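The analysis underlying the following values was restricted to heavy atoms, covering all of them including side chains, and did not include hydrogens, waters or symmetry mates. Here the structure is a predicted model, which means the values were calculated and not measured.
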Amino acid sequence: FNLAAQIFNHTFYWNCLSPEGGSEPTGKLKEAIDKDFGSFGKFKEEFSAAANGHFGSGWAWLVQDAGQKLKIVQTHDAATPLTENLKPLLTADVWEHAYYVDYRNDRAAYINTFWNLVNWKFVESQL
């Protein structure tokens with residue numbers, strides 16, 4: 001399980017990023033974020049807090065539950081939302097290897113840059 005989950009998590013993470021990414025979501029994704037978080041700004045604040053506050057190695061996720069509600073969750077190590085019957089929409093890798101070369105131990109700077117690369121088209125396609 002560990003190796004397969006890590007392959008899934010990392011592949012999903014890379015699909016969540018694009019050099020043409022950034023800005024804000026539009027369409028159905030924006031509507032869902034506004035409905036469940038109040039605004040994109042509030043969502044971004046909560047997701048960033050989850051990513052920055054995660055203890056140790058793991059992932060911050062935007063997921064959709066069985067009732068179509070969007071939630072932010074954290075997973076440790078190779079855990080994935082799929083095992084909790086949650087549909088992953090977006091993830092940020094908060095393993096140290098994801099940011100140490102460029103940001104040393106400044107995870108917050110890494111997460112701030114992450115928002116400039118989010119591939120909102122891919123994220124919306126996961127709804």
Looking at [X] and [Y], what are the two nearest heavy atoms and their distance?
{"X": "P88", "Y": "P81", "answer": "CB-CG, 4.3 Å"}
{"X": "W115", "Y": "S48", "answer": "NE1-OG, 2.9 Å"}
{"X": "R107", "Y": "G56", "answer": "NH2-O, 3.2 Å"}
{"X": "S39", "Y": "D34", "answer": "CA-OD1, 3.5 Å"}
{"X": "L89", "Y": "V123", "answer": "O-CG1, 3.4 Å"}

Once you round to the nearest 0.5 Å, how far does [atom1] of [X] lie from [atom2] of [Y]?
{"X": "K44", "Y": "I111", "atom1": "NZ", "atom2": "CD1", "answer": "11.0 Å"}
{"X": "L82", "Y": "K87", "atom1": "CG", "atom2": "NZ", "answer": "11.0 Å"}
{"X": "I33", "Y": "K42", "atom1": "CD1", "atom2": "NZ", "answer": "14.0 Å"}
{"X": "K121", "Y": "N15", "atom1": "NZ", "atom2": "CG", "answer": "14.5 Å"}
{"X": "T80", "Y": "W61", "atom1": "OG1", "atom2": "CH2", "answer": "4.5 Å"}
{"X": "L117", "Y": "L17", "atom1": "CG", "atom2": "CG", "answer": "6.0 Å"}

Starting from the C-alpha separation in whole Å, work towards a yes-or-no answer on side chain to side chain contact (heavy atoms under 4.5 Å, CB included) for L90 and V118.
CA-CA 8 Å; L90 171 69; V118 174; 3.9 Å; yes

Report yes if the side chains of [X] and [Y] come closer than 4.5 Å at any heavy-atom pair, otherwise no.
{"X": "N119", "Y": "C16", "result": "no"}
{"X": "L86", "Y": "Q64", "result": "no"}
{"X": "F47", "Y": "T91", "result": "no"}
{"X": "K69", "Y": "D36", "result": "yes"}
{"X": "F122", "Y": "W14", "result": "no"}
{"X": "Y110", "Y": "D106", "result": "no"}
{"X": "D93", "Y": "F114", "result": "no"}
{"X": "F37", "Y": "I72", "result": "yes"}

Chi angles and distances behind the side chain to side chain contact (heavy atoms under 4.5 Å, CB included) call for W59, D77
CA-CA 8 Å; W59 306 85; D77 303 322; over 6 Å; no

May I ask you to check whether over 12 heavy atoms, not counting those of F55, lie within 6.0 Å of atom CZ?
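Check fails, neighbour count at 12 or below.
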
Looking at [X] and [Y], would you say the former's side chain and the latter's main chain have a donor-acceptor pair under 3.5 Å?
{"X": "T83", "Y": "A79", "result": "no"}
{"X": "H54", "Y": "S57", "result": "yes"}
{"X": "Q74", "Y": "G58", "result": "no"}

Is it the case that S23 and W120 place a side-chain donor and acceptor less than 3.5 Å from each other?
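Short answer, no.
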
Ring centers of F1, F8 separated by less than 6.0 Å:
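No: the rings miss the under 6.0 Å criterion.
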
Residues K35, E31: salt bridge by 4.0 Å N-O rule
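Result for this pair is no, no salt bridge flagged.
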
